[in-house]
Protein chains: 2
Amino acid sequence: MSPPLSPVRTRNAAATRTAILEAARRRFAHEGYDRTGLRDIASDVGVDAALISRYFGGKEELFEEVLTCAPNIAEFLEGDRAGFGDRVATMMAIEPMREEKFELFLIMLRSASSPKAAAAIRRHSSEAFFQPLEAWLGGEDAAVRARVLSCLMMGATMNRMIHEDYLLDDSQRRELCDALARTLNHFVSSEA
Amino acid sequence: MSPPLSPVRTRNAAATRTAILEAARRRFAHEGYDRTGLRDIASDVGVDAALISRYFGGKEELFEEVLTCAPNIAEFLEGDRAGFGDRVATMMAIEPMREEKFELFLIMLRSASSPKAAAAIRRHSSEAFFQPLEAWLGGEDAAVRARVLSCLMMGATMNRMIHEDYLLDDSQRRELCDALARTLNHFVSSEA
DNA sequence: GGGACATGTCATCAGTTGGTGACTTCTAGG
DNA sequence: CCTAGAAGTCACCAACTGATGACATGTCCC
């Protein structure tokens with residue numbers, strides 16, 4: 001009768017792989033490792049779940065590959081050093097949490113307690129988060145300062161996840177943003 | 001032959017209920033809502049899983065009841081105001097994470113991304129964590145300061161969960177503890 | 001045009017989960 | 001002692017999960 005509204009999926013292994021990877025990234029970020037099923041990801045892409053196991057080997061391997069191609073902390077380390085606190089605090093307290101920027105945090109926070117995902121998260125967050133941050137900070141106590149910064153960033157994300165912002169009004173969110181920015185900048189510039 | 005080493009469980013509904021509640025609290029704290037099965041809890045107590053559903057109605061109701069009887073933030077609000085930062089920072093950075101003190105945080109952090117547990121956590125963390133903390137802080141911007149404190153506490157716990165401390169040695173942990181204590185105290189005493 | 005291979009689907013499996021109703025067993029009160 | 005009801009168990013269900021091997025289909029090259 002009518003032609004299909006969405007173009008017929010043309011066979012293309014590379015494109016399908018990428019589509020699976022992106023759908024998986026979104027799912028893992030929004031639902032966490034345990035709560036996303038291969039069938040969910042497959043139906044997002046419009047493909048059979050068996051294909052995912054065939055392409056990636058299994059759910060754990062898929063998760064590992066998602067981590068390696070997820071956005072990392074580099075974005076926040078670009079730009080001037082003095083602006084770091086404001087950039088991060090704005091993202092944490094003001095910007096809508098649907099942004100792609102949050103995906104790495106969300107994946108880590110929502111999947112960290114899953115034993116099958118924990119090892120990959122530990123390894124990846126060390127390589128793609130802590131080590132770059134520590135190197136960027138520099139100085140002898142960089143590891144400790146990186147840890148404090150990480151506490152603030154993860155804690156802020158976790159708080160928003162739990163409370164969905166409904167405890168703070170707009171002006172309070174700006175206050176929170178200022179407080180976070182000042183604290184972040186303090187640990188960027190000074191000694192711990 | 002030999003008398004049973006552990007005393008034979010004598011039938012006592014109240015004691016069994018309490019035992020289930022405690023086992024459930026430990027399980028939810030260590031594994032999170034989704035990953036703890038009723039059968040796990042039941043076998044910890046030495047009882048059949050069906051009994052849990054019969055006593056509590058279901059897993060969700062059990063979780064709610066666990067939350068209401070879990071230790072809350074009150075413990076940290078006792079004692080002198082100036083010592084708050086050190087008390088909390090020591091717990092966060094130095095003390096072993098197996099302590100009961102962590103259970104509320106662990107339950108929240110490990111179960112927050114589970115839709116069935118989220119509502120209960122949001123409600124309970126508001127009543128048993130934020131509101132007491134906010135009231136204890138006092139002042140006009142208490143809500144914002146409570147949020148910053150909460151970011152630090154949850155973030156520190158989350159970081160330890162992910163990295164199991166293996167990124168920091170003892171002297172770095174003391175530095176981290178100092179930095180956290182100073183920052184916590186800052187938001188306890190001053191305006192945001 | 002017609003194989004041949006890559007691409008994707010289907011049916012199905014074993015394991016796990018929360019939940020339910022029928023059953024057994026213990027114990028307190030008469 | 002002995003029975004009624006509480007306390008606890010058992011067998012089972014339906015739903016879901018990740019995974020696998022057999023099968024179907026599209027596409028490209030000769």
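Quick note on labels: first sequence line is chain A, next is B, and so on, each numbered from 1.
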For [X] and [N], what is the distance between atoms [atom1] and [atom2] respectively, to the nearest whole Å?
X	N	atom1	atom2	value
B:Arg54	C:dG18	CZ	P	18 Å
B:Arg17	D:dG8	CZ	P	12 Å
A:Arg39	D:dG18	CZ	P	7 Å
B:Glu61	C:dG19	CD	C1'	11 Å
A:Asp34	D:dG18	CG	C1'	12 Å
A:Leu38	C:dG15	CG	P	19 Å
A:Arg35	D:dC16	CZ	P	17 Å
B:Leu51	D:dA11	CG	C1'	16 Å

Problem - salt_bridge(B:Glu64, B:Arg123) N-O dist < 4.0 Å - result: yes

Handout entry: Closest listed nucleotide, where the reference is the side chain of A:Asp40 and the choices are D:dG8, D:dT17, D:dT27
Key = D:dT17

Problem - Which residue lies more 5' along DNA chain D, comparing B:Tyr55 with A:Asp48 via nearest heavy atoms - result: B:Tyr55

Practice task
Tell me which of B:Ala50 and A:Ser53 sits closer to the 5' end of DNA chain D, going by the nucleotide each one is nearest to.
Solution key: B:Ala50

Exercise for the section: Answer yes or no on whether B:Lys101 is positioned over the face of B:Phe76, meaning its NZ or CZ is under 6.0 Å from the six-membered ring centre and within 45° of the axis. Expected result: no

Exercise for the section: Tell me whether the OP1 or OP2 atom of C:dC26 has a side-chain N or O from B:Thr10 closer than 4.0 Å. Expected result: no

Exercise for the section: Report the relative orientation of the aromatic rings in B:Phe63 and B:Phe28; use parallel for angles under 30°, tilted for 30 to 60°, perpendicular for over 60°. Expected result: perpendicular

Problem - Ring centres under 6.0 angstrom apart (B:Phe187, B:Phe84) - result: no

Practice task
Tell whether A:Arg11 reaches the base of D:dT25 with its side chain through a donor-acceptor pair below 3.5 angstrom.
Solution key: yes

